[in-house]
Undergrad: 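Please see the structure below; I have some questions.
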Amino acid sequence: MTTSDTLISVRDLTIAFGPKVIQQNVSFDLKRGSIFAVMGGSGCGKSTLLKSMVGLLRPTSGQILVGDEDYWAQDEKRRTELNHRFGVLFQSAALWSSMTVGENVALPMEMFTSLTPDVIRRLVELKLGFVGMEQAIDLLPSEISGGMRKRAGLARAIALDPDILFFDEPSAGLDPITSARLDDLILTLRDGLGATIVIVSHELPSLFKIADDGIFLDAKTHTPIARGAPRDLRDHSAIPDVVAFMNRMAEISPATDAKG
Amino acid sequence: MLRREALQPSSQNSAAAPLSQSAGFLRSAAYYTHESFLPHGTGQGVPPALMSPHLMTDHAAIPSPQTSQTAAQKPEWSVDLTAGAPCLHASGVWTVQNGGMLTFPPDGLSKAHSGATLNIDTDQLERWDSAFITFLWDVKQAAGKAGVIFEPDHLPEAAQRLLALLPDKPAGNSNAKKPPAPFLERVGDRTLNALTETGTVTELALETTKGAAQTVTGKGGMRLKDLASDIWNAGPSALLIVGIVNFLVGAILAFVGLVELRRFAAEIYVANLVGIACAREISAIMTAIIMAGRTGGAYAARISTMLGNEEIDALQVFGIPVSSYILLPSILSLALMMPLLYIYGTLIAIFGGFVVAMGMMSVSAIGYWTTTFDGVALHEFVFGFIKSFFFASFIALAACRVGLKAGRSAADVGIAATRAVVIGIVGIIAMDAMFAVIANALDF
């Protein structure tokens with residue numbers, strides 16, 4: 001494991017479903033402590049890229065280096081070990097519906113540590129306390145709202161104190177206030193836990209607020225067309241597609257600037 | 001904090017050490033360490049050897065970059081109440097893996113002056129992770145209880161941010177178990193539920209019948225495409241499994257029958273045995289059980305998943321009746337297909353018996369078939385055919401009802417599928433018993 005600042009490097013990655021190429025020539029470095037945004041229009045392969053980074057989809061070619069190990073060249077056991085450094089918040093939170101919120105957070109600890117039930121219970125309370133969900137510990141996922149499910153999913157993602165957190169559309173389906181709170185929470189957790197965050201989103205205000213690096217995937221050419229923090233791309237990019245995306249412009253009407 | 005040095009050799013797995021420190025605690029009430037609190041200090045520390053080696057990555061980089069990986073120091077704490085302001089000293093490597101899940105007693109600050117400010121000294125703290133925050137949360141709650149002001153300013157920046165997220169009090173146990181309702185109330189509830197359920201199912205059955213009648217007159221709201229695909233699923237695609245099972249059942253019956261009948265030199269009656277048993281009972285029941293497991297389970301799972309995806313809600317908003325869009329094609333297709341599957345199954349079962357008979361007894365093929373045709377009256381088939389129709393209607397109706405009543409999560413889909421199959425199979429057998437009684441009474 002390197003001590004350098006790069007946690008994950010993606011090298012010339014191609015992701016395809018059979019003959020249909022989703023993205024190609026994807027290369028970037030994930031720096032320790034950064035919040036890295038994967039941007040792009042709907043259907044450009046953002047979530048697919050995330051899936052291949054967390055081990056759900058094998059890329060067609062290219063490398064994903066975690067530390068200095070080639071992630072997809074490892075056997076499944078080693079990949080699972082590497083995955084313990086990752087925490088993933090899925091788009092629909094993906095809480096296990098037959099377990100209570102507390103059991104959802106506790107399961108990874110029960111499976112992969114030999115902590116006593118007492119200690120696990122206290123850690124579960126802590127993680128749920130971080131996301132403001134400690135009162136819902138004994139509720140089932142079907143009994144709580146969508147925003148609460150997202151937060152519970154976040155508590156589960158940080159259950160094993162991961163280095164790297166992956167968020168797939170964290171604020172999709174949340175109201176602006178809840179969504180802004182979630183942004184604050186993400187920033188606080190980044191600083192507090194010392195985690196590095198990869199976030200897939202097209203929620204512009206939230207991207208401008210929290211992300212400090214990023215990549216812009218294009219759906220037409222199936223390649224990344226821009227690199228950098230969303231704020232910089234908004235203000236300085238010369239690529240028409242990126243400018244249009246960042247400023248929420250439809251192709252025809254030169255609509256008013258909608259930054260907020 | 002001179003006492004800390006004296007305590008350091010002690011470790012959590014030494015049972016004798018805490019006792020001596022308890023004595024120390026008595027001598028100078030102003031000091032105490034976590035070791036003094038026997039139940040907490042000894043119970044919570046998890047020996048590092050127990051922990052999984054690769055997990056719970058601590059966040060060394062944030063609080064103290066200068067960490068050394070040599071023999072990790074035990075996490076230790078002590079409270080100093082002598083000076084005007086109480087002070088909490090924490091030291092060592094405070095990670096979950098290193099046995100850092102220590103508890104702070106809820107009354108740990110009760111001796112401090114109310115209104116005093118609790119400072120926290122973390123100068124000797126090395127690495128830390130969630131364990132330290134859990135401990136600080138305990139301290140914060142104890143401080144709140146004792147009226148002491150918790151001063152987080154000297155904590156590492158990251159710890160301050162995490163602590164700020166936590167509420168002052170952990171959630172109380174709000175989900176206290178309700179006492180069970182009185183016996184009469186439960187019986188009453190069950191009875192009412194059973195009556196409601198009967199009413200709902202009857203209503204569904206009537207709606208479906210009405211829908212079917214409307215379809216015949218050409219005014220139904222059902223899409224024929226749905227009916228066709230459901231018919232395909234409930235009929236032709238089940239041919240193989242129904243065939244295999246009935247063939248084997250027929251063969252087994254013939255085999256058992258042959259062994260017994262041979263003793264009376266009445267082997268030829270094996271043709272009657274297989275023919276009557278299969279036509280009247282066994283093929284109808286076997287086919288119904290297969291279809292309850294195969295199609296009934298599928299209906300329940302599909303409908304409850306549609307419920308979870310809000311597809312049923314969407315139908316309702318459009319005003320598309322659920323009965324004509326989902327229930328009618330499902331129930332109709334199974335009710336139409338199962339009697340046909342039954343006839344097919346019976347023929348295959350008789351063929352299965354024939355194959356075994358040919359192998360085990362000396363009778364000509366023509367002789368066997370003639371005996372079968374003579375022995376099995378047509379009304380046996382009519383009886384089985386009618387039963388199959390009722391079995392199918394029941395399976396489909398029960399499965400749809402179970403699906404519509406299910407919850408919206410993945411676990412609920414599993415429960416719905418299970419219930420549909422169980423209700424289907426038990427219902428078929430119960431209905432078959434009723435049919436037997438009725439047939440006996442009518443001398444059919």
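To find a chain, count down the sequence lines: A is the first, B the second, and so on, and within it residues start at 1.
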Undergrad: Just to verify, what does A:Thr178 make a side-chain hydrogen bond (donor to acceptor under 3.5 Å, both in side chains) with, not counting sequence neighbours?
TA: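 Counting only residues at least two positions away or on another chain, A:Thr178 forms a side-chain hydrogen bond (donor to acceptor under 3.5 Å, both in side chains) with A:Asp175.
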Undergrad: Given the side-chain rings of B:Trp77 and B:Phe104, with only the six-membered ring counted for Trp, is the space between their centroids under 6.0 Å?
TA: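 For B:Trp77 and B:Phe104, the ring centres are under 6.0 Å apart.
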Undergrad: For A:Arg227, which residues count as a side-chain hydrogen bond (donor to acceptor under 3.5 Å, both in side chains) partner, sequence neighbours excluded?
TA: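 A:Arg227 satisfies side-chain hydrogen bond (donor to acceptor under 3.5 Å, both in side chains) with A:Asp213 once adjacent residues are dropped.
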Undergrad: How would you list, in number order, the residues of residues 401-417 of chain B that have a heavy atom less than 4.5 Å from chain A?
TA: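 Only B:Ser409, B:Ala410, B:Ala411 of residues 401-417 of chain B have a heavy atom under 4.5 Å from chain A.
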Undergrad: Give me each pair satisfying salt bridge (Lys or Arg N to Asp or Glu O under 4.0 Å) with a member in residues 130-143 of chain B, each pair once, sequence neighbours excluded.
TA: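 Non-adjacent pairs meeting salt bridge (Lys or Arg N to Asp or Glu O under 4.0 Å): A:Arg122-B:Asp138, B:Lys140-B:Asp168.
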Undergrad: Between A:Leu140 and chain B, which part of the residue has a heavy atom less than 4.5 Å away: side chain, backbone, both or neither?
TA: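 For A:Leu140, neither part sits under 4.5 Å from chain B.
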Undergrad: Closer than 3.5 angstrom, by distance alone: can the side chain of A:Asn104 be matched with the main-chain N or O of A:Arg156 as a donor-acceptor pair?
TA: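 Checked: no pair found.
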Undergrad: Compute the centroid of each ring, for A:Phe28 and then for A:Phe36, and state whether the two points are separated by less than 6.0 Å.
TA: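 Ring centroids of A:Phe28 and A:Phe36 are less than 6.0 Å from each other.
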